[in-house]
Amino acid sequence: MKKRIFSGMQPTGQLHLGNYLGALRNWVKLQKDYECFYGVMDLHAITLPQDPKTLARNTRETAAAFYAAGIDPSQCAVYPQSAVLEHTYLQWLLANHTPLGWLNRMTQFKEKSAGIHKSFIKNIKPISDLSGEEKERINQKIQELEPFMKIVVDGGSIIDVEANLGLFAYPVLMAADILIYKATHVPVGEDQKQHLELSRDVAGAFNRHYGVEYFPIPEPQILGEAARVMSLRDGTKKMSKSDESDYSRINLTDDADAIKKKFQKAKTDPLPCPSAVEEFKQRPEIENLFTIYAALADKSAKDVVAEFSGKQLSAFKNALADLAIARLEPITKRMRELMQDEAEIDRLINKSLERARALAAKHLAEVKDIIGLWRG
Ligand code: TYM
């Protein structure tokens with residue numbers, strides 16, 4: 001029997017080079033050898049405010065990006081997470097096997113709530129002291145966030161932002177996404193490692209409590225040279241959709257000109273190309289660019305360093321931009337074509353949805369029997 005993969009991406013904006021090198025490209029490579037389920041994780045996306053129309057468009061666009069990158073719809077199931085109700089049902093069942101302490105340790109929750117916190121706290125002046133334009137911006141942001149976060153105002157200043165339960169419970173939903181298909185493997189970027197450890201712990205806790213070996217303990221697959229692609233503006237920060245600066249990332253929808261400009265403007269130090277990978281430790285931005293090149297060229301970082309040793313950084317950056325354009329342009333083109341025909345995307349999604357729903361329903365029925373829940 002083929003081993004089974006589950007993985008997913010949030011439709012929270014344009015996919016970027018980090019999503020591609022850290023995950024999507026590996027999904028394409030793995031599809032031959034595994035039975036694959038690839039979700040567009042819209043229920044995860046709504047843990048932060050989303051514009052409804054944009055969310056719906058991004059959900060289709062994310063599925064289109066999967067197909068454009070080479071996911072074969074006849075082999076893999078691709079569908080929005082919200083269309084398979086069993087994910088959230090299982091989340092509740094697994095929540096009863098997840099101690100709060102495990103969730104409290106999740107660094108992404110801390111980072112996300114701190115990120116929101118920072119964007120407010122930055123402004124320590126009492127709201128009443130702000131200029132008209134600033135005040136309007138802050139009030140608009142409060143209105144947008146209020147249903148999601150509790151904004152604590154004291155003496156006219158924002159002193160705290162409390163995250164919602166959805167954001168806190170997010171890793172339990174991730175465990176359910178994987179376990180509802182009894183997936184054995186989960187290809188992701190480095191940043192999801194801690195969430196996957198939690199999924200493993202939750203699966204183990206359930207199995208132990210009921211004295212069964214029902215859920216497989218899912219194996220993370222963190223593959224390739226670029227499992228953690230960093231921002232082009234700061235080599236110590238992850239490349240991310242939510243970074244304010246578009247120059248921090250290469251989007252899968254960027255055209256050749258934008259890709260060239262972004263790599264030329266990428267932050268670097270004034271030294272020439274490195275002559276050994278050992279230099280990476282002191283030069284995080286250089287490490288990032290060389291790692292991206294290595295991943296795109298399917299070479300090791302060591303070989304790429306040897307190739308460019310002694311050359312000017314500007315020459316390397318040009319070569320990197322050309323390589324990225326050559327790799328990404330066909331994907332961008334296919335994505336644009338697909339987005340012209342939304343009905344076709346929907347048809348592909350609906351076809352694989354049946355398969356996902358049938359398997360999820362079968363497993364949920366088995367889990368309900370294990371727990372002793374009414375099945376009628
Ligand atoms: P998301 O949408 O943030 O990212 C999707 C995938 O892209 C990888 N990734 C990166 N890899 C390398 N460098 C980067 N800078 C970079 N940024 C993102 C992520 O590791 C991920 O593999 N919670 C998940 C979605 C999810 C999921 C799941 C994944 C929900 N349920 C179950 C696996 C299994 C997320 O927000 O990924």
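Atoms within a ligand are numbered from 1 in the order they appear, just like the ligands themselves.
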Worksheet item: Does the cation-pi check pass for K182 over Y214, that is, NZ or CZ under 6.0 Å from the six-membered ring centre and within 45° of its axis?
Response: yes
Practice prompt. State the atoms of ligand 1, each with its element, that fall below the 4.0 Å cut-off from a heavy-atom position in H16.
Written response: 17 (N)
Worksheet item: Going by the order shown, which atoms of ligand 1 are within less than 4.0 Å of some heavy atom of A23?
Response: 6 (C), 7 (O), 22 (O)
Discussion item. If we check ring-ring contact (aromatic ring centres under 6.0 Å, His included) with Y181, which of these qualifies: F6, Y38, F215, Y34?
Written reply: F6
Practice prompt. Measure centre to centre between the rings of Y170 and H195, then say whether the value is under 6.0 Å.
Written response: yes
Worksheet item: With a 4.0 Å heavy-atom cut-off (strictly under), which part of K241 contacts ligand 1: side chain, backbone, both or neither?
Response: side chain
Discussion item. I need the single residue from T88, D42, T59 that forms a side-chain hydrogen bond (donor to acceptor under 3.5 Å, both in side chains) with S82. Which is it?
Written reply: D42
Worksheet item: Does the N or O separation between Y170 and ligand 1 drop below 3.5 Å for any pair?
Response: yes
Fill in: Closest candidate by heavy atom, reference atom 20 (O) of ligand 1, pool V188, T47, V229, D191
D191
Worksheet item: Does any N/O atom on G189 come nearer than 3.5 Å to any N/O atom on ligand 1?
Response: yes
Item to complete: Kindly determine whether F308 and F316 satisfy ring pair (Phe, Tyr, Trp, His ring centres under 6.0 Å), including the steps that lead there.
Response: CA-CA 7 Å; F308 286 92; F316 167 73; 5.0 Å; yes
Worksheet entry | Contact atoms of ligand 1, heavy-atom distance to Q10 under 4.0 Å | 2 (O), 35 (C), 36 (O)
